[in-house]
Amino acid sequence: MEQLRLEPISHVGGVIQLPGSKSISNRALLLATIASGRTRLTNLLDSDDIRHMLTALDQLGVSYDYRKDQATIEVEGLGGRLARGQVAELYLGNAGTAMRPLAAALAIGSGEFVLTGEPRMKERPIGHLIDALQPLGARIDYLENPGYPPLKIHAGDLAGGRVSIDGSISSQFLTALLMVAPLLGSELTIEVKGELVSKPYIDITLGMMARFGVTVENRDYREFVVAAGQQYLSPGEFLVEGDASSASYFLAAAAIGGGTIEVRGVGTDSLQGDKHFADVLEAMGAKVEWGKDFIRCSKGDLNGVDMDMNAIPDAAMTIATTALFANGPTTIRNIYNWRVKETDRLAAMATELRKVGAVVEEGEDYIRIEPVPELRHAEIETYNDHRIAMCFSMLAVGGQSVTILDPGCTAKTFPDYFDRLASVSR
Ligand SMILES: O=C(O)C1=C[C@@H](OP(=O)(O)O)[C@@H](O)[C@H](O)C1
Ligand SMILES: C=C(OP(=O)(O)O)C(=O)O
């Protein structure tokens with residue numbers, strides 16, 4: 001297996017122009033597809049998760065002109081439902097932002113589809129979404145284990161009405177249902193059961209639907225109403241913001257490493273909840289400055305924090321390794337759904353943090369990390385989880401060499417992450 005040994009980095013500093021947001025890229029591709037008109041997306045992320053969405057859209061007969069070297073794509077909107085004709089099988093890797101919305105979109109229209117992915121995707125739940133689509137008339141079969149991909153979708157004419165959806169494991173199910181609601185032709189009221197997790201991702205969804213001309217009534221995240229008679233309309237050009245989760249590694253590097261790093265492409269204007277990662281760093285003691293389109297971070301004397309990080313589940317992983325360089329323990333709470341992502345992230349983070357010497361308590365839905373004066377070198381197992389590979393690079397920034405196994409797994413969202421880190425390291 002490939003591995004990457006990172007030597008201690010004595011100083012970090014510079015500017016990072018962020019790659020496009022994964023969450024926004026995949027939403028924009030789907031919305032541009034079902035909107036009427038041609039949409040030009042700029043700063044589209046080039047990574048595995050987006051490639052899976054693009055390949056699926058191509059198989060579905062969607063016409064687009066992709067200029068990969070310019071991070072730009074022009075999508076010819078269908079002006080409505082996506083399911084046209086027969087496609088045997090769509091392979092979506094481990095991209096939750098492709099699997100969940102496409103499952104909902106393909107249930108409406110015509111044709112039969114199999115949605116599948118890599119082995120871990122078959123262990124990631126999707127039952128809450130299917131349970132919400134079925135009462136609307138969707139016919140979806142589980143081909144292996146009930147509640148999990150692969151799925152066989154028999155598309156059909158679905159109508160709106162009132163449905164409830166469980167939001168306690170993933171917000172992506174609600175996102176999927178919201179995005180396809182205007183295709184139903186009648187009003188849809190969605191009631192959310194359980195405590196909705198990862199709420200800011202719903203704000204991304206609603207914000208983007210609005211950019212494509214559809215408004216949703218949000219009744220305190222408990223009920224959403226998508227009125228009938230609304231159609232997606234291309235905004236013409238749409239700039240994909242920089243990825244706020246990817247920004248977390250550089251902001252943390254500055255907080256730990258001693259220099260100043262400015263990330264460009266996310267700032268106060270960003271739709272992404274993960275921009276608030278910078279607030280957590282500030283609460284820990286880092287110096288943070290904001291602009292509309294940038295965040296700048298510099299080192300501070302870092303203290304541990306005890307915080308609910310349900311709203312920023314992806315960026316919270318970066319806090320877990322930043323915690324190694326703080327005074328006092330850090331507790332990251334309300335992150336049960338780390339267990340159903342690329343790997344069981346709670347178990348994996350606890351195991352790998354212990355390998356470098358930290359004292360770690362793993363709870364059912366929290367992790368507590370106690371830093372130690374002397375960290376040690378370790379080979380970090382990455383479990384095919386891009387974020388584990390990226391967040392453990394903070395060890396090198398903090399002065400401790402580290403070996404990352406299978407560093408290529410960052411391709412899911414950030415293929416050239418380690419080169420970009422090197423570009424701000426001395
Ligand atoms: O909607 C999105 O784009 C995402 C929502 C989050 O998932 P959950 O809602 O499953 O926590 C996040 O972890 C994921 O990386 C992207
Ligand atoms: C959870 C993640 O991905 P997905 O979109 O596949 O859920 C992630 O990127 O951390």
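Atom CZ of R354 has more than 12 neighbouring heavy atoms from other residues, nucleotides or ligands inside a 6.0 Å radius. Around CD of Q231, the count of heavy atoms belonging to other residues, nucleotides or ligands within 6.0 Å does not exceed 12. By the 6.0 Å contact criterion, OH on Y336 is open, its count of non-hydrogen atoms from other residues, nucleotides or ligands being 12 or less.
To the nearest 0.5 Å, atoms CG (D279) and CD1 (I312) are separated by 8.5 Å. E361 contributes atom CD, which lies 6.5 Å from atom CZ of R368 (distance to the nearest 0.5 angstrom). A distance of 10.0 Å separates OH in Y64 from CG in L44, rounded to the nearest 0.5 Å. The CG atom of D274 lies 9.0 Å from the OG atom of S21; values are rounded to the nearest 0.5 Å. For the atom pair M284 CE and N327 CG, the distance stands at 9.5 Å (nearest 0.5 Å). From W338, atom CH2 reaches atom CD1 of I332 across 4.5 Å, with rounding to the nearest 0.5 Å.
Listed by chain and residue number, R81 satisfy the salt bridge (charged side-chain N to carboxylate O under 4.0 Å, His left out) test with D157 (two or more places apart in sequence, or in another chain). Taking the side chain to side chain donor-acceptor pair (under 3.5 Å) definition, one finds that T42 meets it with nothing, sequence neighbours left out. Residues passing the side chain to side chain donor-acceptor pair (under 3.5 Å) test with E74 are R38, sequence neighbours excluded. For Y249, the ring-ring contact (aromatic ring centres under 6.0 Å, His included) partners two or more places apart in sequence, or in a different chain, are Y417. Listed by chain and residue number, E217, E223 satisfy the side chain to side chain donor-acceptor pair (under 3.5 Å) test with R219 (two or more places apart in sequence, or in another chain). Taking the salt bridge (charged side-chain N to carboxylate O under 4.0 Å, His left out) definition, one finds that K287 meets it with nothing, sequence neighbours left out. Remark: T331 pairs with no residue by the side chain to side chain donor-acceptor pair (under 3.5 Å) rule, at least two apart or across chains. Contacts of D365 classified as salt bridge (charged side-chain N to carboxylate O under 4.0 Å, His left out), with partners at least two apart in sequence or in another chain: none. By the salt bridge (charged side-chain N to carboxylate O under 4.0 Å, His left out) test, E362 pairs with R339, sequence neighbours left out.
Using a 4.5 Å heavy-atom threshold, the side chains of R345 and D314 count as touching. Side-chain contact between F238 and I24: present, with at least one pair of heavy atoms (C-beta onward) separated by less than 4.5 Å. For the pair Y221/D203, a side-chain contact is recorded, criterion being any heavy-atom separation below 4.5 Å from C-beta on. Residues V266 and D293 have side chains not in contact (no heavy-atom distance under 4.5 Å, counting atoms from C-beta outward). V356 is listed as a side-chain neighbour of I380, based on a closest heavy-atom distance under 4.5 Å. Between S170 and V340, every side-chain heavy-atom pair lies at or beyond the 4.5 Å cut-off. Taking 4.5 Å as the limit, some side-chain heavy atom of T413 sits within range of a side-chain heavy atom of R387. A heavy-atom distance below 4.5 Å is not found between the side chains of E342 and I388.
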Go through it in stages, so that I can follow the logic: the residues are T97 and R27, the test is side chain to side chain donor-acceptor pair (under 3.5 Å), and I'd like the CA-CA distance, side-chain angles, deciding distance and then a yes or no.
CA-CA 8 Å; T97 56; R27 282 170 174 76; over 6 Å; no
For a side chain to side chain contact (heavy atoms under 4.5 Å, CB included) check, start with the C-alpha distance between R124 and R100, then their side-chain angles and the critical distance, and finish with the verdict.
CA-CA 11 Å; R124 297 183 66 190; R100 282 75 183 255; 4.0 Å; yes
Would you sort out whether L251 and I261 count as a side chain to side chain contact (heavy atoms under 4.5 Å, CB included), showing the intermediate values?
CA-CA 7 Å; L251 296 172; I261 295 185; 5.7 Å; no
List the steps and the verdict of side chain to side chain donor-acceptor pair (under 3.5 Å) for E118 and N384.
CA-CA 11 Å; E118 61 186 59; N384 210 13; 3.1 Å; yes
Test side chain to side chain contact (heavy atoms under 4.5 Å, CB included) on I204 and T175 and set out the steps.
CA-CA 9 Å; I204 299 180; T175 280; over 6 Å; no
Please determine whether side chain to side chain contact (heavy atoms under 4.5 Å, CB included) holds for the pair T116 and M121, giving the CA-CA distance in whole Å, both sets of side-chain angles, and the decisive distance to 0.1 Å.
CA-CA 8 Å; T116 190; M121 181 55 103; over 6 Å; no
Test side chain to side chain donor-acceptor pair (under 3.5 Å) applied to S171 and S198, step by step:
CA-CA 6 Å; S171 68; S198 308; 4.5 Å; no
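Within the 3.5 Å criterion, the main-chain N or O of T318 finds a donor-acceptor partner in the side chain of T321. Listed for the Y232 side chain is a donor-acceptor partner under 3.5 Å among the backbone atoms of M179. A donor-acceptor distance shorter than 3.5 angstrom exists from the side chain of Q230 to the backbone of T215, with no hydrogens or angles considered. S25 contributes no side-chain N or O that, together with a main-chain N or O of K22, makes up a donor-acceptor pair within less than 3.5 Å. For the pair K275 (side chain) and S270 (backbone), a donor-acceptor distance under 3.5 Å is present. In this structure, D166 contributes its side chain and S168 its backbone to a donor-acceptor pair below 3.5 Å. At distances below 3.5 Å, at least one donor-acceptor pair connects side-chain atoms of Q272 with backbone N or O atoms of G242. When atom types are taken as modelled, the side chain of E352 and the backbone of E381 share a donor-acceptor pair closer than 3.5 angstrom. Of the possible polar contacts, one joining the N43 side chain to the V240 backbone as a donor-acceptor pair under 3.5 Å is found. In this structure a side-chain-to-backbone donor-acceptor pair under 3.5 Å is present from R120 to K341.
Closest approach of V226 and A181 over heavy atoms only: CG2-CB, 3.7 Å. When all heavy atoms are compared, the tightest approach of L133 to A104 is CD1-CA, 3.8 Å. The heavy-atom pair separating T72 from Y66 by the smallest distance is O-CD1, 3.4 Å.
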Which pairs of donor and acceptor atoms, one on a side chain in residues 143-156, lie under 3.5 Å apart (sequence neighbours left out)?
{"residue": "E144", "atom": "OE2", "partner": "K122", "partner atom": "NZ", "Å": "3.4"}
{"residue": "H154", "atom": "ND1", "partner": "E112", "partner atom": "OE2", "Å": "3.1"}
{"residue": "H154", "atom": "NE2", "partner": "D141", "partner atom": "OD2", "Å": "2.8"}

Pairs under 3.5 angstrom only: tabulate donor-acceptor contacts from the side chains of residues 47-55 to other protein residues two or more places apart or in another chain.
{"residue": "S47", "atom": "OG", "partner": "K412", "partner atom": "O", "Å": "2.8"}
{"residue": "D48", "atom": "OD1", "partner": "R51", "partner atom": "NH2", "Å": "2.9"}
{"residue": "D49", "atom": "OD2", "partner": "K412", "partner atom": "NZ", "Å": "2.8"}
{"residue": "T55", "atom": "OG1", "partner": "R51", "partner atom": "O", "Å": "2.8"}

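Here R162 pairs with E191 in a salt bridge; the nearest charged N to carboxylate O distance falls below 4.0 Å.
Under the ring pair (Phe, Tyr, Trp, His ring centres under 6.0 Å) criterion, no residue pair touches residues 264-295, with sequence neighbours excluded.
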